[in-house]
Amino acid sequence: MRRPPFAARPPDNVFAEPAAGGWAAWYAAVALGGQGHYAAALTTLTPLGQGRDPVLAAAAWTALASHRRQLGAHTAAAGHDGEALRRLAQAGLYPLTQDTIAPPAPEPLRSVVVDVLLGLAADAIGRGRLTAAARLHGEAVSTLGSDPDWRPRVRIGWVAAEIALAKGDPHQALPASKHACDLAHTSSSVRHQTKSGLVLGVTQHVLGLPTGVDFLRSVIKNGGQHGLLPLVWPSALLLSEAEPDRVGYHRNGAREALTTVLGRTDASGRRLAARSAWLPSWLLRSSEPGDAASRMNFLTD
């Protein structure tokens with residue numbers, strides 16, 4: 001059941017999985033979101049978020065928040081992550097104590113709590129609240145403790161690098177992004193490997209290291225091969241700056257990927273994207289130059 005979102009491209013029948021309900025539906029929605037099928041993911045996540053299982057409901061809300069962040073809607077995402085935290089707290093599952101994590105606590109409880117805290121941290125980054133982001137990130141690290149699960153540890157590395165980059169300290173971001181990339185490659189998750197390559201590539205690009213371009217090219221190759229279009233357009237946008245002799249080629253690639261993603265997005269998501277100061281809407285309108293801030297939107301997904 002975990003294979004589709006945490007491996008390579010979802011199988012063709014992933015669109016049928018939501019009908020199964022429960023965690024199978026959640027995994028399917030995560031897989032769909034990874035390919036930018038946000039409308040299909042929303043249809044699946046909405047009933048899960050309204051369900052009676054507080055852990056599954058929280059997982060659904062924080063997944064939806066991630067999809068909204070990928071569209072540059074950090075304020076809307078914060079509302080969804082807040083609802084996830086509310087569901088956990090209402091059920092006495094947050095903050096975590098020895099009693100809440102002992103049997104018969106749901107198996108994914110700790111991972112879901114970490115996801116929510118990291119989501120809130122990413123929301124804060126997108127709104128320029130870096131002190132709050134660092135505090136939430138620290139709480140996520142403390143909550144995870146010594147749990148060896150690779151997935152939350154990779155995500156912790158992403159957010160650590162994002163906070164450092166947002167503070168203008170790429171040197172601090174480098175070890176966090178490299179650790180996340182190395183750890184992701186111990187798993188079978190192509191999406192986590194590709195996203196980790198994106199974060200590391202951006203960090204190296206900001207530092208002026210030529211290997212950053214290699215990572216970004218790899219993201220575009222893997223993202224295109226496995227349908228991970230939300231990771232393709234920002235990589236192409238950055239490459240348009242790194243390789244000015246191919247600016248037209250890279251901008252066209254970014255425009256095509258982003259247009260496809262928006263075509264797979266629900267109407268509410270498209271409206272949020274259109275209003276976002278983070279989304280490089282110039283890609284869809286004309287060849288006018290974009291602003292520097294738009295290049296950082298993908299980091300907080």
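On a predicted model such as this, the values are computed, not experimentally measured, just so you know. Side chains included, hydrogens not; waters and symmetry mates left out as well; all remaining heavy atoms used.
- Of the residues listed (Val261, Thr260, Asp266), the one engaging Arg264 in a side-chain contact (heavy atoms from CB on, under 4.5 Å) is Thr260, and it is the only one.
- Considering every non-hydrogen atom in both Gly34 and Leu228, the closest pair reads O-CD2, 3.5 Å.
- For Asp149 and Arg153, the salt-bridge test fails: no basic side-chain N is under 4.0 Å from an acidic carboxylate O.
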Practice item. Show your reasoning for whether side chain to side chain contact (heavy atoms under 4.5 Å, CB included) applies to Leu120 and Asp123. Key: CA-CA 5 Å; Leu120 287 165; Asp123 302 330; 4.0 Å; yes

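- Considering only residues two or more places apart in sequence or on other chains, His250 meets the side chain to side chain contact (heavy atoms under 4.5 Å, CB included) condition with Leu239, Ser240, Glu243, Arg246.
- Remark: Leu272 pairs with Arg68, Ala73, Ala76, Ser268, Arg275 by the side chain to side chain contact (heavy atoms under 4.5 Å, CB included) rule, at least two apart or across chains.
- Classified by interplanar angle (parallel below 30°, tilted 30° to 60°, perpendicular above 60°), the ring pair Tyr27/Trp23 is tilted.
- The main-chain N or O of Trp233 is never found under 3.5 Å from a side-chain atom of Glu256 such that the two would form a donor-acceptor pair.
- Test Ile125, Leu118, Thr203 against Glu162 for side-chain contact (heavy atoms from CB on, under 4.5 Å) and you get one pass: Ile125.
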Point to revise | Audit row: Ile163, His137, side chain to side chain contact (heavy atoms under 4.5 Å, CB included) steps and yes/no | key: CA-CA 9 Å; Ile163 292 172; His137 178 266; 3.9 Å; yes

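- Taking the six-membered ring where the residue is Trp, His192 and Trp150 present perpendicular rings, their angle passing 60° and hence far from 30°.
- Put simply, the residue from Thr44, Leu42, Leu48 that forms a side-chain contact (heavy atoms from CB on, under 4.5 Å) with Thr46 is Leu42.
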